[in-house]
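In what follows, a structure is listed as structure tokens, so that the remarks can point back to it.
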Amino acid sequence: MRIAISGAGVAGTALAYWLHRTGHTPTVIERAPAFRAGGYMIDFWGIGYTVARRMGIADQIHEAGYHMETVRSVDADGRALAELDAGVFTHLIGDDFITLPRGDLAAAIYATVSDKVEVIFGDSITAIDQHDDGVRLTFSHAGPRDFDLLIGADGLHSNVRRLAFGPDAEFENYLGCKVAAAVVAGYEPRDDLTYVTHAAPGRQVSRVALRDDRTLALFVFRDDTAADGDPKTILRERFADVGWECPQLLAALADQAGVAEADDLYFDAVSQVRMDRWSHGRVLLIGDAAGCISLLGGEGTGLAITEAYVLAGELHAAKGDHVRAFHAYEERLRPFIEAKQAGARRFVGFFATRTRLGLWFRKQALRAMNLRILTSLFAGAVRDDIDLPDYGI
């Protein structure tokens with residue numbers, strides 16, 4: 001089948017890989033003028049890692065990643081309040097666990113299809129016209145084209161979801177936080193293989209040292225409104241009195257105006273997408289477009305890769321019967337995604353604790369997690385309680 005995929009992110013390019021591998025002709029449409037490799041640090045594990053191994057990119061991901069050693073919480077003067085041995089996570093999940101920039105993972109997946117499938121940059125879908133035998137798409141720039149199916153893999157603020165299902169407000173559920181992430185060059189100090197984090201009521205800032213003298217800064221803060229604004233202005237206002245290295249980190253963002261990496265500031269509301277159904281006729285949503293669990297869930301990219309594999313597998317098993325495949329896909333994944341969403345909502349208080357008492361409990365929790373017997377209590381929140389089918393593809 002000819003299958004249009006909106007979005008050249010992790011979900012879209014992973015799906016293009018599996019569809020091409022199973023004999024279909026995918027076309028990826030991406031609004032950005034070129035492939036985007038920005039974003040924040042992610043922890044990659046579980047079934048997503050299993051799918052990456054089936055794609056043959058596990059070694060690349062391993063080489064691009066970091067085996068973090070410590071999570072260190074510090075006070076406003078930089079003194080350590082609590083340290084967590086990062087080995088706790090491999091104790092919970094197993095050895096298939098790596099930390100890496102989201103852009104590096106996306107690049108590894110994109111490389112599997114960049115010379116094999118059609119990828120259209122700098123364009124977007126403006127209208128969807130479904131009929132019995134297919135779907136006609138109208139574009140901002142290119143002429144109309146006909147496809148058999150359309151897959152919306154275009155993220156939290158999905159254009160396809162808006163066109164085929166309705167306004168964002170019907171599906172996006174704001175969790176009361178915003179997040180910003182950026183990479184800056186030449187930042188000091190550096191603490192290799194260590195998450196260094198500082199929290200104040202309603203706010204948290206972290207930094208991670210990367211290769212090539214780069215540092216990734218991550219800001220999370222409570223905000224009663226999901227309204228937009230200038231990201232750098234908002235960050236200066238919200239973190240001006242937080243202390244620790246906030247002035248230096250904010251200055252590093254401002255000083256590198258014109259530097260591509262510093263300009264590629266990721267800024268968004270922390271939201272989840274909840275829908276009664278993921279398909280409408282010949283249109284299906286995957287990844288964050290259908291069931292974003294939010295950054296706080298920590299596994300969005302792994303789930304996106306998994307969803308791409310399962311969708312291609314179900315289409316293969318259904319011999320191209322998209323109605324049957326879409327139903328099987330949603331029946332298999334919906335309970336799993338909804339459980340992950342519920343877990344992510346419980347983590348909001350950890351990332352953006354409202355009160356000083358809450359910060360004290362957070363510090364104690366970090367310390368307690370070093371005790372392996374207590375760590376097992378967190379296992380249900382991170383382990384993937386799902387059997388990944390082998391579709392023979």
Side-chain angles (χ1 to χ4, degrees), residues 5-7 9-15 18 42-52 54 92-93 96 102 105-106 109 151-158 160-162 164-166 168 170-175 177 179 268-280 283-315 317 322 324-348 351 378-389 391:
I5 303 169
S6 177
V10 168
T13 51
L15 179 60
W18 288 108
I42 62 169
D43 293 321
F44 187 63
W45 77 86
I47 54 174
Y49 214 116
T50 301
V51 175
R54 294 181 186 181
L92 279 176
I93 299 164
D96 286 347
R102 182 188 177 281
L105 175 62
I109 298 170
I151 309 300
D154 42 358
L156 172 63
H157 309 295
S158 169
V160 170
R161 187 183 66 229
R162 193 160 45 247
F165 294 84
D168 290 347
E170 294 184 14
F171 310 110
E172 289 187 20
N173 293 264
Y174 181 53
L175 298 186
C177 294
V179 61
D268 206 350
V270 177
S271 300
Q272 292 184 336
V273 172
R274 300 175 211 156
M275 305 182 69
D276 293 333
R277 56 194 173 96
W278 295 342
S279 66
H280 173 58
V283 180
L284 176 80
L285 303 176
I286 73 168
D288 284 353
C292 177
I293 66 169
S294 86
L295 174 143
L296 305 184
E299 200 179 357
T301 49
L303 297 178
I305 294 172
T306 302
E307 290 169 44
Y309 169 77
V310 171
L311 175 56
E314 293 296 347
L315 282 169
H322 73 277
R324 177 181 153 200
F326 287 1
H327 175 76
Y329 167 82
E330 185 163 346
E331 188 176 57
R332 183 179 296 278
L333 289 178
R334 178 177 283 279
F336 179 60
I337 297 300
E338 289 180 347
K340 290 290 183 180
Q341 288 182 323
R345 290 193 292 274
R346 291 192 291 269
F347 278 117
V348 172
F351 283 95
F378 296 91
V382 295
R383 288 180 181 158
D384 292 328
D385 185 20
I386 187 173
D387 292 325
L388 187 65
Y391 294 102

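Just so you know, these numbers come straight off a predicted model, no measurement behind them.
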Worksheet entry | Sequence-distant partners of A339, side chain to side chain contact (heavy atoms under 4.5 Å, CB included), two or more places apart |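 If we apply the side chain to side chain contact (heavy atoms under 4.5 Å, CB included) test to A339, skipping adjacent residues, there are no hits.
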Worksheet item: Which residues satisfy the side chain to side chain contact (heavy atoms under 4.5 Å, CB included) test with A328, sequence neighbours excluded?
Response: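 Result, side chain to side chain contact (heavy atoms under 4.5 Å, CB included) vs A328: E314.
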Item to complete: Establish, from distance only, whether the side-chain atoms of Q272 and R345 form a donor-acceptor pair under 3.5 Å.
Response: yes
Discussion item. Quick one about S271 and N173 (side-chain donor to acceptor, distance below 3.5 Å, no hydrogens or angles considered), yes or no?
Written reply: no
Can you find a heavy atom in the side chain of [X] that is under 4.5 Å from one in the side chain of [Y]?
{"X": "R332", "Y": "P389", "result": "yes"}
{"X": "D154", "Y": "I5", "result": "no"}
{"X": "W278", "Y": "L333", "result": "yes"}
{"X": "L285", "Y": "S158", "result": "yes"}

Worksheet entry | Those residues that, when tested against F165, pass ring pair (Phe, Tyr, Trp, His ring centres under 6.0 Å) (two or more places apart) |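 If we apply the ring pair (Phe, Tyr, Trp, His ring centres under 6.0 Å) test to F165, skipping adjacent residues, there are no hits.
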Worksheet item: Listed by chain and number, what are the ring pair (Phe, Tyr, Trp, His ring centres under 6.0 Å) partners of Y391, not counting sequence neighbours?
Response: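 Partners of Y391 under the ring pair (Phe, Tyr, Trp, His ring centres under 6.0 Å) test: Y309.
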Taking atom [atom1] of [X] and atom [atom2] of [Y], what is their separation to the nearest 0.5 Å?
{"X": "L303", "Y": "I286", "atom1": "CG", "atom2": "CD1", "value": "11.5 Å"}
{"X": "Q341", "Y": "L175", "atom1": "CD", "atom2": "CG", "value": "9.0 Å"}
{"X": "I293", "Y": "F336", "atom1": "CD1", "atom2": "CZ", "value": "8.5 Å"}
{"X": "T301", "Y": "D43", "atom1": "OG1", "atom2": "CG", "value": "9.0 Å"}

In chain order, what residues pass the side chain to side chain donor-acceptor pair (under 3.5 Å) check against [X], with sequence neighbours excluded?
{"X": "T306", "result": "none"}
{"X": "D288", "result": "none"}
{"X": "H322", "result": "none"}
{"X": "E172", "result": "H157, R161"}

Practice prompt. Applying side chain to side chain contact (heavy atoms under 4.5 Å, CB included), run through L311 and Y329 and close with a yes or a no.
Written response: CA-CA 6 Å; L311 175 56; Y329 167 82; 3.8 Å; yes
Write down the atom of [X], the atom of [Y], and the distance for their closest heavy-atom approach.
{"X": "A304", "Y": "A11", "answer": "CB-CB, 3.8 Å"}
{"X": "I305", "Y": "G48", "answer": "CG2-O, 4.2 Å"}
{"X": "A269", "Y": "L156", "answer": "O-CD2, 4.0 Å"}
{"X": "V273", "Y": "A290", "answer": "CG1-O, 3.4 Å"}
{"X": "S6", "Y": "V160", "answer": "CB-CG2, 3.4 Å"}

Worksheet entry | Contacts of R162 that satisfy salt bridge (Lys or Arg N to Asp or Glu O under 4.0 Å) - sequence neighbours left out | D168
Worksheet entry | Contacts of type salt bridge (Lys or Arg N to Asp or Glu O under 4.0 Å), residue E170, not counting sequence neighbours |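 Per chain and number, E170 pairs via salt bridge (Lys or Arg N to Asp or Glu O under 4.0 Å) with no residue.
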Worksheet item: Is there a side chain to side chain contact (heavy atoms under 4.5 Å, CB included) between D96 and F44 once you walk through the steps?
Response: CA-CA 8 Å; D96 286 347; F44 187 63; over 6 Å; no
Worksheet entry | Trace of the side chain to side chain contact (heavy atoms under 4.5 Å, CB included) decision for R54 with W18 | CA-CA 10 Å; R54 294 181 186 181; W18 288 108; 4.0 Å; yes
Worksheet item: Would you say T13's side chain and G9's backbone share a donor-acceptor pair under 3.5 angstrom?
Response: yes
Fill in: Verdict with reasoning, I337 to R274, per side chain to side chain contact (heavy atoms under 4.5 Å, CB included)
CA-CA 10 Å; I337 297 300; R274 300 175 211 156; over 6 Å; no
